[in-house]
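Inspection log for the structure reproduced underneath, given as structure tokens.
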2 protein chains.
Amino acid sequence: MYSSELIKGTLKTIILKLLSENERMYGYELTQKVKDMTGGKIQLTEGALYPTLHALEAQGILTTEVVNVGNRLRKYYAITPGGRKIASEKVNEFTDFIATMITLLDLKPNLG
Amino acid sequence: MYSSELIKGTLKTIILKLLSENERMYGYELTQKVKDMTGGKIQLTEGALYPTLHALEAQGILTTEVVNVGNRLRKYYAITPGGRKIASEKVNEFTDFIATMITLLDLKPNLG
DNA sequence: AAATATACATAAGAATTTTAGGTATTAATT
DNA sequence: AATTAATACCTAAAATTCTTATGTATATTT
């Protein structure tokens with residue numbers, strides 16, 4: 001796990017990118033996907049995730065669909081066309097940011 | 001300029017790295033150095049910078065030396081040995097974080 | 001003479017996240 | 001069979017960090 005301050009500001013970008021690649025995902029699924037893909041180094045906390053999802057929905061960036069699985073609810077989120085554009089912009093901005101930080105901090109990134 | 005949320009959490013790392021490379025620097029100098037090195041893409045705001053410098057000093061990570069230049073004060077900051085170790089850890093952590101984010105977001109970093 | 005740059009600082013407010021709690025079903029373990 | 005862990009949603013107080021706004025003062029440029 002990274003020190004929490006590092007991850008700040010990347011939550012929206014992560015959510016939008018994953019929802020650009022997957023037709024639809026639900027909250028818990030997002031937490032597991034990120035945990036798996038990062039070897040546990042990044043773990044989305046529910047207290048940050050759910051309010052952010054709700055906000056993105058309120059802004060029309062995501063739409064939802066509630067599905068019953070057994071006796072349990074699952075709230076699927078899907079990205080809208082406008083949201084897809086924002087996702088792309090956010091990812092591009094983050095890429096640029098990384099390049100800038102590599103220069104600024106004189107990093108030798110281990111691009112395994 | 002990047003959207004402010006991206007830069008969050010990197011301020012300490014930037015300060016400590018620059019002070020690891022330079023014997024001593026003062027606040028305003030840090031803002032200019034970062035602005036120059038990033039082509040204006042990252043601009044440290046004083047409202048964030050000064051309180052952070054004060055906190056780092058209070059934690060014994062930085063030491064200060066006030067110098068008179070003409071009739072104006074300049075407060076130089078220098079990193080302590082312990083601070084140097086923290087700086088190194090922070091830079092390593094950020095490097096690792098970048099690698100993780102590149103994987104997670106499937107980025108093609110333009111390492112120009 | 002006025003505007004910009006240098007140089008420090010604080011403080012209210014905004015934004016984002018952590019921490020801590022709550023509810024409930026399903027699967028795995030003891 | 002009972003307990004624990006995993007799945008699945010949610011909210012709210014508190015903490016953290018940053019922005020915005022403001023203040024003071026000197027030096028330089030226009």
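Values reported hereafter were calculated over all heavy atoms of this structure, with side chains retained and with hydrogens, waters and symmetry mates removed. First the proteins, then the strands, lettered A, B, ... as listed; each starts at 1.
Among the protein residues, B:G27 comes within range of the sugar-phosphate backbone only, with heavy atoms under 4.0 Å from sugar or phosphate atoms but none that close to a base. When heavy atoms are screened at a 4.0 angstrom cut-off, B:E29 is found touching no nucleic acid atom at all.
In this structure, B:Y26 does not reach the C:dC8 phosphate: none of its side-chain N or O atoms is under 4.0 Å from OP1 or OP2. Using a 4.0 Å cut-off, no side-chain N or O of B:Y50 falls inside it from OP1 or OP2 of C:dA9. One finds no side-chain N or O of B:H54 lying less than 4.0 angstrom from the OP1 or OP2 phosphate oxygen of C:dC8. Phosphate proximity of D:dT19 to B:T45: present, with a side-chain N or O under 4.0 Å from OP1 or OP2.
Surrounding NZ of A:K75 are more than 12 heavy atoms belonging to other residues, nucleotides or ligands, all under 6.0 Å away.
Put simply, the side chain of A:R84 gets close to the backbone of A:S20: a donor and an acceptor are under 3.5 Å apart. The closest donor-acceptor contact from the side chain of B:T64 to the backbone of B:Y77 lies at 3.5 Å or more, if one exists at all. Without hydrogens or angle criteria, B:T100 side chain to B:D96 main chain gives a donor-acceptor distance under 3.5 Å.
When the nucleotides C:dA7, C:dT6, D:dA8 are ranked by their closest atom to the side chain of B:Q32, C:dT6 comes out on top. Minimum atom distance to the side chain of B:L11 is reached by D:dC18, of the listed C:dT17, C:dA5, D:dC18.
Here D:dC18 presents its C1' atom at 12 Å from CG of B:L49, a figure rounded to the nearest Å. Counting to the nearest Å, the P atom of C:dA7 and the NZ atom of B:K33 are 15 Å from each other. In this structure, A:I14 places its CD1 atom 14 Å from P of C:dT16, rounding to the nearest Å. The separation between B:L53 atom CG and C:dA7 atom P is 15 Å, rounded to whole Å. Atom CD of B:E57 is separated from atom C1' of C:dC8 by 13 Å (rounded to the nearest Å). Note: CG (B:L44) to C1' (D:dT19) measures 13 Å, nearest angstrom. One can place CG of B:N71 at 11 Å from P of D:dT28, the figure rounded to the nearest angstrom. B:Q43 places its CD atom 16 Å from the P atom of D:dC18, with the value rounded to the nearest Å.
Judged by distance alone with a 3.5 Å cut-off, a donor-acceptor contact links the side chain of A:R72 to the base of D:dT7.
Place A:A48 and A:R74 on DNA chain D by their nearest nucleotides, and A:R74 ends up nearer the 5' end. Nearest-nucleotide positions on DNA chain C for A:V69 and A:E46 put A:E46 closer to the 5' end.
Rounding to the nearest 0.5 angstrom, the gap separating the CG atom in B:L107 from the CD1 atom in A:I98 is 5.0 Å.
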